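Structure first, then comments.
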Amino acid sequence: EGEIDFHGWLGDSWGILFSHPSDFTPVCTTELAKVMHLMPEFAKRNVKVIGLSCDSVSSHVEWCADIKSYAGFSDDKVFPYPIIEDKNRIIANKLGMVDKDELDAAGIPLTARAVYVIDPNKKFRLSLLYPATTGRNFDEILRILDSLQLTDKAKVATPANWKMGDDCMVLPTVPEDQVAKIFPQGVNVLTL
């Protein structure tokens, strides 16, 4: 509880900012519970996770107890990531996370199920927007993180449905005379 300096909190880590229409919504509860279970996977990838919901901190505190229960964690377990209070949807509006088609009881647009991946340089690298009726696929989000981190280090691209350990493609911008130097273990060349 309290203010957070996002850049300071993120430090030299990758980050995932994901938003929710409202506390206690059933789909959101399943998502936040899944994230609790995936925290070791995010830690392996040097990724910090932060949620955003358009309800108050006091509502978030109560919701966290509900999420922990749904996830099968004891009530005394510390909730492993922060949730930002955005009652007035100021952050959601600035970041384009508002769904004009989903309204609350007062007719105000709800915060959508957005996912933003931010790299250690504080650059947005990916945004996904899910409709209110569709839960997020966190296996896909982990796959995306693996691809982004790999392609930042190596001069490769990842093909459709790629998973860590699968073959990658050498970027077409790598000069042919440099391929053996950059990839001393060799590459497979496909002739089409």
Side-chain angles (χ1 to χ4, degrees), residues 1 4 6 9-11 13-87 89 91-92 95-99 101-102 104 109-120 124-151 158 160-166:
E1 294 179 41
I4 190 167
F6 184 78
W9 170 80
L10 190 60
S13 299
W14 286 74
I16 293 181
L17 169 62
F18 60 115
S19 59
H20 302 276
S22 185
D23 294 356
F24 296 99
T25 58
V27 175
C28 293
T29 300
T30 66
E31 292 174 335
L32 274 76
K34 179 68 173 178
V35 170
M36 284 186 75
H37 285 283
L38 290 174
M39 289 307 290
E41 291 299 318
F42 290 123
K44 279 188 225 174
R45 293 164 173 84
N46 189 32
V47 176
K48 291 183 178 178
V49 177
I50 190 166
L52 177 142
S53 185
C54 59
D55 290 309
S56 67
V57 169
S58 60
S59 176
H60 293 350
V61 170
E62 291 178 31
W63 188 30
C64 286
D66 193 48
I67 294 162
K68 288 189 289 186
S69 175
Y70 179 81
F73 290 106
S74 66
D75 200 35
D76 60 341
K77 176 167 176 63
V78 175
F79 200 78
Y81 55 92
I83 303 174
I84 300 167
E85 171 187 271
D86 193 26
K87 290 187 298 191
R89 297 167 180 82
I91 298 168
L95 297 178
M97 296 175 151
V98 175
D99 186 340
D101 295 328
E102 294 289 330
D104 68 10
L110 290 172
T111 305
R113 285 183 210 290
V115 178
Y116 293 151
V117 174
I118 303 107
D119 72 16
F124 278 106
R125 296 294 296 278
L126 174 92
S127 70
L128 296 169
L129 185 62
Y130 288 79
T133 55
T134 303
R136 288 171 252 236
N137 182 335
F138 283 97
D139 292 333
E140 171 64 1
I141 292 167
L142 288 172
R143 187 190 80 83
I144 290 166
L145 284 164
D146 288 340
S147 175
L148 288 170
Q149 291 179 351
L150 174 67
T151 59
T158 57
N161 299 324
W162 172 89
K163 292 185 189 93
M164 187 58 84
D166 289 354

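Just so it is clear, the model here is predicted, and its values are computed rather than measured.
Although no hydrogens or angles enter the test, the distance criterion places a donor-acceptor pair under 3.5 Å between the side chain of Asp86 and the main chain of Ala92. A donor-acceptor pair under 3.5 Å is formed between the side chain of Arg136 and the backbone N or O of Ala114. Within the 3.5 Å criterion, the main-chain N or O of Thr25 finds no donor-acceptor partner in the side chain of Ser22. Counting only distance, with no hydrogens or angles, the side chain of Glu41 and the backbone of Leu142 share no donor-acceptor pair below 3.5 Å. Side chain of His20 to main chain of Gly51: no donor-acceptor pair is present (N/O by atom type, distance under 3.5 Å, no hydrogens or angles). Side-chain N or O atoms of Thr134 include none that pairs as donor or acceptor with a backbone N or O of Pro131 at under 3.5 Å. For the pair Ser19 (side chain) and Ala112 (backbone), a donor-acceptor distance under 3.5 Å is present.
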| request: Please lay out, stage by stage, how Ser58 and Glu85 fare under the test side-chain contact (heavy atoms from CB on, under 4.5 Å). | output: CA-CA 9 Å; Ser58 60; Glu85 171 187 271; over 6 Å; no

| Candidate pair Leu52 and Tyr116, rule side-chain contact (heavy atoms from CB on, under 4.5 Å), full reasoning | CA-CA 11 Å; Leu52 177 142; Tyr116 293 151; over 6 Å; no

| request: Apply the test side-chain contact (heavy atoms from CB on, under 4.5 Å) to residues Asp119 and Leu148: give CA-CA distance (whole Å), side-chain angles for both, the deciding distance (0.1 Å), then the verdict. | output: CA-CA 9 Å; Asp119 72 16; Leu148 288 170; over 6 Å; no

| task | Could you go through the side-chain contact (heavy atoms from CB on, under 4.5 Å) check for Val115 and Ile16 one step at a time? | result | CA-CA 7 Å; Val115 178; Ile16 293 181; 4.0 Å; yes

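Of the listed residues (Ile67, Val49, Val27, Asp66), just one forms a side-chain contact (heavy atoms from CB on, under 4.5 Å) with Leu32, and that residue is Ile67.
One finds the CG atom of Leu129 at 6.5 Å from the CG atom of Asp99 (value rounded to the nearest 0.5 Å). The NZ atom of Lys44 sits 13.0 Å away from atom CE of Met39, with the distance rounded to the nearest 0.5 Å. If you take SG on Cys64 and CG on Asp23, they are separated by 8.0 Å, rounding to the nearest 0.5 Å. Atom CD1 of Ile4 is separated from atom CH2 of Trp9 by 6.0 Å, given to the nearest 0.5 angstrom.
Heavy-atom minimum distance, Arg89 versus Cys54: NH2-SG, 3.5 Å. The shortest heavy-atom contact between Phe73 and Met36 is CD1-CE, 3.4 Å. When every heavy atom of Asp75 is checked against every heavy atom of Lys68, the shortest pair comes out as O-NZ, 2.9 Å. In terms of heavy atoms, His37 sits closest to Ala71 at NE2-O, 2.8 Å. For Trp14 against Arg125, the heavy-atom pair with the smallest separation is CH2-NH1, 3.7 Å. Contact record, Asn137 with Tyr130: N-OH, 3.3 Å, taken as the closest heavy-atom pair.
More than 12 heavy-atom neighbours from other residues, nucleotides or ligands sit within 6.0 angstrom of CG on Asp166. Tyr81 OH: more than 12 foreign heavy atoms inside a 6.0 Å radius.
For the pair Ile144/Leu128, a side-chain contact is recorded, criterion being any heavy-atom separation below 4.5 Å from C-beta on. Looking at heavy atoms from C-beta onward, Leu95 lies in side-chain contact with Phe124 at the 4.5 angstrom threshold. Taking the side chain as every heavy atom from C-beta outward, Asp146 and Thr158 never approach each other to under 4.5 Å. Looking only at side-chain heavy atoms (C-beta outward), Ile141 and Phe18 stay at 4.5 Å or farther from each other.
Donor-acceptor pairing under 3.5 Å is lacking for the side chains of His60 and Asp55.
Using a 4.0 Å cut-off between charged nitrogen and carboxylate oxygen, Lys34 and Glu31 do not count as a salt-bridge pair.
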